[in-house]
There are 2 protein chains.
Amino acid sequence: MMTVEEALQILKEKGYKYTGKREEIIRICAEEKRYLTAKEIMERIKELYPGLSFDTVYRNISTFVELGILEQTELDGEGRFRLACSTDGHHHHHLICTECGRTSSLSACPMSLLSALPEDFQVTGHKFEVYGTCKECMSS
Amino acid sequence: MMTVEEALQILKEKGYKYTGKREEIIRICAEEKRYLTAKEIMERIKELYPGLSFDTVYRNISTFVELGILEQTELDGEGRFRLACSTDGHHHHHLICTECGRTSSLSACPMSLLSALPEDFQVTGHKFEVYGTCKECMSS
DNA sequence: ATGTAAATAGGATTAATTACGATTTTCATA
DNA sequence: TATGAAAATCGTAATTAATCCTATTTACAT
């Protein structure tokens, strides 16, 4: 998983300014192998920055996703975010707990297994996610 | 793809009442091999039922998804719906045009190719979608 | 130290979706 | 065919996630 330092480095390289709030958003995401909602991130960041505007959280999250610092998915009509898995670009997918957002990596990517893609579509992306309940959520 | 008659039959079997509006929602979805937004369905149904409440559309769509009459996905934070592909339960996935929702079937399901699923997750579902631009949208 | 462009605060706004009481309709049964 | 109860719909209010906007503040290159 990407480290906080690596993420801050990417920001710097791209000409974004350093702010404690940005670091804290990244730090919160780095603390867990889980997808978090914007709301969850907001709640946690308020411990350190009580007056934080949610516009700031949403704007930064969206920047981070563009820069590849965060990965995004969607569950129950709500965006969820986690620190990008790897800096080396090894492409893979996730098993996601639908209760708590906890994830587990899957090494296979189904795209390599598709023999024939239709000719009349220009492929731009794909999504493969396995959903389930994690051990912790099962026992509670 | 499921027919309008088959869909109405499912409703009847489950004890839901017949209404012209329900049939029309299904008919609209049956007309195209595409994912439609609730708004698109609403616009089209107003030709026949101008005073239709969107509560009715949303409520019925959601019932249809529960009953397996419609398939649901999400694009750009908006739910999209299409008539379920098959009545015989042959499981497959789609290539989806992100511009217009048009789809193309993929025969492979990646789940059969996953050799080792983690033990600490109880799998409840999965999603595999390939995104792209269809021929029609490319040339416009 | 300072000027400027970027970032943030605080709140208004948008858009999709759900909720809900009042009314209407379906359909089983008389 | 009439009728009554449950289900469906209407019309609108409420909710929720997310974006937009302007004034103010901050980071940081010089």
Side-chain angles (χ1 to χ4, degrees), chain A residues 7-28 35-67 69-70 72-82 98 101, chain B residues 7-28 35-67 69-70 72-82 98 101:
Chain A
L8 291 174
Q9 185 58 32
I10 292 173
L11 280 175
K12 196 168 192 175
E13 279 167 12
K14 302 281 181 173
Y16 289 87
K17 292 183 175 168
Y18 170 87
T19 71
K21 286 155 191 173
R22 281 186 169 154
E23 174 166 350
E24 187 59 14
I25 291 172
I26 294 166
R27 192 176 298 286
I28 286 166
Y35 276 100
L36 299 171
T37 61
K39 204 186 291 177
E40 284 175 313
I41 293 172
M42 229 148 58
E43 276 168 18
R44 297 193 195 189
I45 207 171
K46 288 206 169 158
E47 293 171 19
L48 203 55
Y49 297 100
L52 191 76
S53 147
F54 55 82
D55 178 76
T56 299
V57 175
Y58 275 107
R59 190 170 19 73
N60 279 316
I61 286 175
S62 144
T63 301
F64 296 165
V65 170
E66 272 173 38
L67 297 178
I69 292 169
L70 293 185
Q72 173 169 22
T73 189
E74 182 274 331
L75 230 58
D76 300 321
E78 203 173 352
R80 293 181 184 235
F81 310 88
R82 57 162 291 159
T98 49
Chain B
L8 291 174
Q9 185 57 30
I10 292 173
L11 281 174
K12 195 168 192 176
E13 279 166 12
K14 302 281 180 172
Y16 290 86
K17 292 183 175 167
Y18 170 87
T19 72
K21 286 155 191 174
R22 279 185 169 154
E23 174 166 351
E24 187 59 13
I25 292 173
I26 294 166
R27 191 175 298 284
I28 286 166
Y35 276 99
L36 299 171
T37 62
K39 202 185 295 176
E40 284 175 312
I41 293 172
M42 232 149 55
E43 277 167 17
R44 297 195 194 188
I45 207 171
K46 287 203 169 162
E47 292 171 18
L48 204 55
Y49 296 100
L52 191 77
S53 148
F54 56 81
D55 178 76
T56 300
V57 174
Y58 276 107
R59 191 171 18 74
N60 279 317
I61 285 175
S62 144
T63 301
F64 295 164
V65 170
E66 272 174 39
L67 296 179
I69 292 171
L70 293 185
Q72 173 169 24
T73 190
E74 182 271 335
L75 231 56
D76 299 321
E78 201 172 353
R80 292 179 185 238
F81 310 88
R82 57 162 291 157
T98 49

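Lettering of chains follows the sequences in order, A, B, ..., and the numbering in each one begins at 1.
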> Find the distance R80(A):CZ to dA18(D):P and express it as a whole number of Å.
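These atoms are roughly 10 Å apart.
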> OP1 or OP2 of dT26(D) sitting under 4.0 Å from any side-chain N/O of K17(A)?
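No.
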> Counting only side-chain N and O atoms of Y18(A), is one of them less than 4.0 Å from OP1 or OP2 of dA27(D)?
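Y18(A) to dA27(D) OP1/OP2: no side-chain N or O under 4.0 Å.
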> Can you find an N or O donor on one side and an acceptor on the other, under 3.5 Å apart, linking the side chain of D55(B) with the base of dA19(C)?
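Result: at least one qualifying N/O pair found.
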> Starting at atom NZ of K14(A), determine the distance to atom C1' of dA6(C), rounded to an integer number of angstrom.
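Between C1' of dA6(C) and NZ of K14(A): 18 Å.
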> Of Q72(A) and Y49(B), whose closest DNA chain D nucleotide lies nearer the 5' terminus?
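Its nearest nucleotide being more 5', the pick is Y49(B).
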> Report the distance from atom CZ of F81(B) to atom C1' of dT17(C), rounded to the nearest whole Å.
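So the two atoms are 10 Å apart, to the nearest Å.
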> Using a cut-off of less than 4.0 Å, is there contact between a side-chain N or O of R22(B) and OP1 or OP2 of dA8(D)?
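Yes, within the criterion.
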> In Å, rounded to the nearest 0.5 Å, how long is the span from NZ of K46(A) to CZ of F54(A)?
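So the gap between those two atoms works out to 8.5 Å.
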> When you check the phosphate oxygens OP1 and OP2 of dT9(D), does a side-chain N or O of R59(B) lie under 4.0 Å from one of them?
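Yes, within the criterion.
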> Give the angle between the helix axes at the two ends of the helix from dA1(C)-dT30(D) to dA30(C)-dT1(D), taking five base pairs at each end and rounding to 10°.
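One end axis against the other gives 30°.
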> On DNA chain C, nearest-nucleotide positions of K12(B) versus K39(B): which is more 5'?
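Result: K39(B).
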> Using 0.5 Å steps for rounding, measure from the CD1 atom of I61(A) to the CD1 atom of I41(A).
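Result: 4.0 Å between the selected atoms.
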> Which is true for Y16(A) with a 4.0 Å heavy-atom rule: it touches a base, it touches only sugar-phosphate, or it touches nothing?
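Sugar-phosphate contact only - Y16(A) comes under 4.0 Å of backbone atoms but never of a base.
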> Between T63(A) and Y16(A), does a side chain to side chain contact (heavy atoms under 4.5 Å, CB included) hold up when you go through it step by step?
CA-CA 10 Å; T63(A) 301; Y16(A) 289 87; 3.7 Å; yes
> Between L52(A) and E24(A), is there a side-chain heavy-atom distance shorter than 4.5 Å?
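SC-SC contact between E24(A) and L52(A) ruled out.
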> Does a side-chain N or O of K21(A) approach OP1 or OP2 of dA9(C) to a distance below 4.0 Å, or not?
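For K21(A), the contact criterion (side-chain N or O under 4.0 Å from OP1 or OP2 of dA9(C)) is met.
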> In whole angstroms, how far is the P atom of dA16(C) from the CD atom of E78(B)?
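From E78(B) CD to dA16(C) P: 5 Å.
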> Check this one for me: any side-chain N or O of Y58(B) less than 4.0 Å away from OP1 or OP2 of dT18(C)?
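No, outside the criterion.
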> How long is the line joining CE of M42(A) and P of dA9(C), in whole Å?
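Distance check: M42(A) CE to dA9(C) P gives 12 Å.
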> Enter the distance from L67(B):CG to L11(B):CG here, rounded to the nearest 0.5 Å.
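Reported to 0.5 Å precision, the distance equals 6.0 Å.
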> Respond yes when some side-chain nitrogen or oxygen of S53(A) is under 4.0 Å from OP1 or OP2 of dG10(C), and no when none is.
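Checking S53(A) against dG10(C): no side-chain N or O falls below 4.0 Å of OP1 or OP2.
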> Pick the nucleotide of DNA chain C nearest each of S62(B) and G20(B); which residue has the one closer to the 5' end?
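The residue closer to the strand's 5' end, by nearest nucleotide, is S62(B).
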> Ignoring hydrogens and angles, tell me if any N or O in the side chain of R82(B) forms a donor-acceptor pair with the backbone of G101(B) under 3.5 Å.
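Not at all, since once roles are kept as given, no pair shorter than 3.5 Å links the two residues.
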> Which is true for G79(B) with a 4.0 Å heavy-atom rule: it touches a base, it touches only sugar-phosphate, or it touches nothing?
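The answer is sugar-phosphate, as G79(B) gets under 4.0 Å only of primed atoms, P, OP1 or OP2.
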> Could you state the atom-to-atom distance from CD1 of I41(A) to P of dA17(D) in whole Å?
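Nearest whole value for this atom pair: 14 Å.
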> I need the CG-C1' distance between L8(A) and dA7(C), as an integer number of Å.
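To the nearest whole Å, that distance equals 16 Å.
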> Please determine if a side-chain N or O atom of T19(B) lies less than 4.0 Å away from the OP1 or OP2 oxygen of dT9(D).
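T19(B) to dT9(D) OP1/OP2: side-chain N or O found under 4.0 Å.
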> To the nearest Å, give me how far apart CG (L67(A)) and P (dA6(C)) are.
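Computing the L67(A):CG to dA6(C):P distance gives 15 Å.
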